[in-house]
2 protein chains.
Amino acid sequence: MEITAEILTAARRHLASEGAPSLSLRAIARELGMTSSAVYRYVASRDDLLTWLIVDAYNSLGAASELAERGVEREDVIGRFRTTCRAVRQWAISNPHEWALIYGSPVPGYVAPADTIVPASRVPQLLGAILVDAVRAGRVRESLMGERVDPTLDSSLAPLREALGIAVPTAVIHQALMVWVGLFGAVSFELFGQFQNVIGDGPGERDALFDRCVRRWLDEIGIA
Amino acid sequence: MEITAEILTAARRHLASEGAPSLSLRAIARELGMTSSAVYRYVASRDDLLTWLIVDAYNSLGAASELAERGVEREDVIGRFRTTCRAVRQWAISNPHEWALIYGSPVPGYVAPADTIVPASRVPQLLGAILVDAVRAGRVRESLMGERVDPTLDSSLAPLREALGIAVPTAVIHQALMVWVGLFGAVSFELFGQFQNVIGDGPGERDALFDRCVRRWLDEIGIA
DNA sequence: TATTTTATAGAGCGATGCTCTTGTATTAGA
DNA sequence: TCTAATACAAGAGCATCGCTCTATAAAATA
């Protein structure tokens with residue numbers, strides 16, 4: 001329906017400018033020229049609206065990353081990885097409130113519905129595809145490929161292993177997971193203000209920091 | 001004052017059980033048997049109370065980590081690091097709402113006052129001290145110690161370098177920063193639910209995952 | 001004792017999420 | 001074409017919130 005889209009658009013704008021905590025159904029209703037009770041015909045609750053925005057944000061981030069990555073030659077695994085990392089960070093800087101919504105503190109009592117799972121996995125999927133190509137091309141660190149590992153860790157990473165499709169040693173999967181965590185941790189730290197008084201924020205300083213992180217992540221997997 | 005302490009205690013309990021978003025001055029007042037307007041004699045605003053709790057949480061985490069680390073022999077750098085990491089994670093699991101408060105999404109419009117800086121730096125300081133001892137003992141990776149680095153990165157990490165006291169190569173500082181980010185990123189990912197449907201959560205599985213992270217962080221710095 | 005300070009209560013403002021009832025168009029069926 | 005069902009919106013209302021203002025009781029001070 002038309003109105004549903006209008007509500008979503010207004011909500012998106014409110015989220016981007018004020019952030020999720022101050023997103024109010026009444027304000028959106030006011031803006032669209034209807035009563036607060038009227039929007040409840042289209043939105044089940046505030047949490048419901050939040051879910052729309054969460055899915056929306058995941059998809060926006062996923063699309064931005066995929067688009068950027070697709071612009072790099074398939075053989076250039078390093079370039080694809082670096083481009084993806086930068087796209088993620090750039091999207092986050094451009095959409096800080098959206099980032100906080102999906103990667104920040106969970107709302108107590110709120111349980112993410114199933115329809116958020118697929119959008120949430122777009123970036124991990126992208127990183128996974130890059131990893132798989134690196135493995136296929138034999139460009140992953142030898143010591144990692146051959147390493148035997150705690151069986152508990154094996155089972156812990158079973159869901160990830162299956163998602164990858166091809167057989168990848170657990171040590172490699174774990175290293176990829178660490179890169180994934182490191183990437184999102186670094187972006188969150190920067191956005192959530194943990195670098196205040198710790199890292200310089202002059203022109204280019206944060207970029208340089210992040211770029212070196214990317215290089216180190218590549219090193220850790222062994223892609224060279 | 002007595003009442004101030006009572007308010008803080010009640011607030012702490014509310015935070016731990018319901019989380020920060022639903023922390024209400026009125027509820028605290030009700031619980032202490034006074035009017036909502038009465039608490040405003042002791043608390044300037046809700047944000048003010050939040051700041052108390054933030055400082056409190058940072059100190060609680062800092063104290064727990066320091067206590068754990070102090071129980072390890074000084075020469076055992078690996079043990080000190082591992083113990084600190086585990087203490088941080090354990091504290092987070094035991095105090096999820098407090099963790100979300102200090103490491104989750106920043107409240108839009110809220111600016112952390114200066115009195116949060118020192119408590120916030122307790123864990124980084126602890127990690128820094130371990131790093132310094134490792135450097136002094138010559139136990140940091142050679143390749144890292146000798147590496148030359150982008151001057152922009154140099155200046156970006158200047159605040160950190162000064163905080164460490166002794167001369168540590170930028171490449172090492174950056175690596176330590178990555179470990180710091182990785183540690184807090186990993187804990188946040190686990191607590192904020194990003195591992196749902198991705199990492200198994202059977203008995204010991206998450207522990208095994210984290211333990212290997214710790215080992216890899218040690219490897220990356222080169223402590224062995 | 002008189003006065004000033006301190007601590008509390010109470011009422012009130014504007015805002016929120018959400019529900020329930022009422023009213024009105026538009027559409028579908030007889 | 002008339003009627004009945006349906007879709008949609010408005011309005012009032014409830015409980016809650018942060019916060020302010022004023023009036024009042026108690027305690028400390030002069």
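The nearest whole Å value for the distance from the CD1 atom in I3(B) to the C1' atom in dA9(C) is 14 Å. Across the protein-nucleic acid pair, Y40(A) atom OH and dC14(D) atom C1' stand 13 Å apart, rounded to whole Å. Atom pair E31(B):CD and dT16(D):P shows a separation of 15 Å (rounding to whole Å applied). In this structure, the CD1 atom of I7(A) is 12 Å from the C1' atom of dA9(D), given to the nearest Å. To the nearest angstrom, P of dC17(D) lies 16 Å from CZ of R26(A). A straight line from CZ of R46(B) to P of dT16(D) spans 17 Å, rounded to a whole angstrom. Distance CG (L32(A)) to C1' (dA9(D)): 13 Å, rounded to an integer number of Å. Rounding to whole angstrom units, CZ of residue R41(A) and C1' of dC18(C) are separated by 14 Å.
For A38(B), taking side-chain heavy atoms from C-beta onward, the closest of the listed nucleotides dA9(D), dT8(C), dC18(C) is dT8(C).
For the atom pair CG (L101(A)) and CG (D56(A)), the distance works out to 10.0 Å, reported to the nearest 0.5 Å.
The side chain of R30(B) places no N or O atom within less than 4.0 Å of a non-bridging phosphate oxygen (OP1 or OP2) of dA15(D).
Using a 4.5 Å heavy-atom threshold, the side chains of E66(A) and V123(A) count as separate.
For S60(B) and W91(B), the side-chain atoms include at least one donor-acceptor pair closer than 3.5 Å. Inspection of the S105(A) and S105(B) side chains reveals an N or O donor paired with an N or O acceptor under 3.5 Å. Between the side chains of T51(A) and Y110(A), at least one donor-acceptor pair of N or O atoms lies under 3.5 Å.
Contacts of L49(B) with the nucleic acid, taken as non-hydrogen atoms under 4.0 Å apart, are absent. Contacts of S45(A) with the nucleic acid, taken as non-hydrogen atoms under 4.0 Å apart, involve only primed sugar atoms and P, OP1 or OP2.
Place S24(A) and T35(B) on DNA chain C by their nearest nucleotides, and T35(B) ends up nearer the 5' end. Of the two residues contacting DNA chain D, namely A44(B) and M34(A), the nearest-nucleotide position lying further toward the 5' end is that of M34(A).
No N or O donor and acceptor, one from the side chain of S37(A) and one from the base of dA9(D), sit under 3.5 Å apart.
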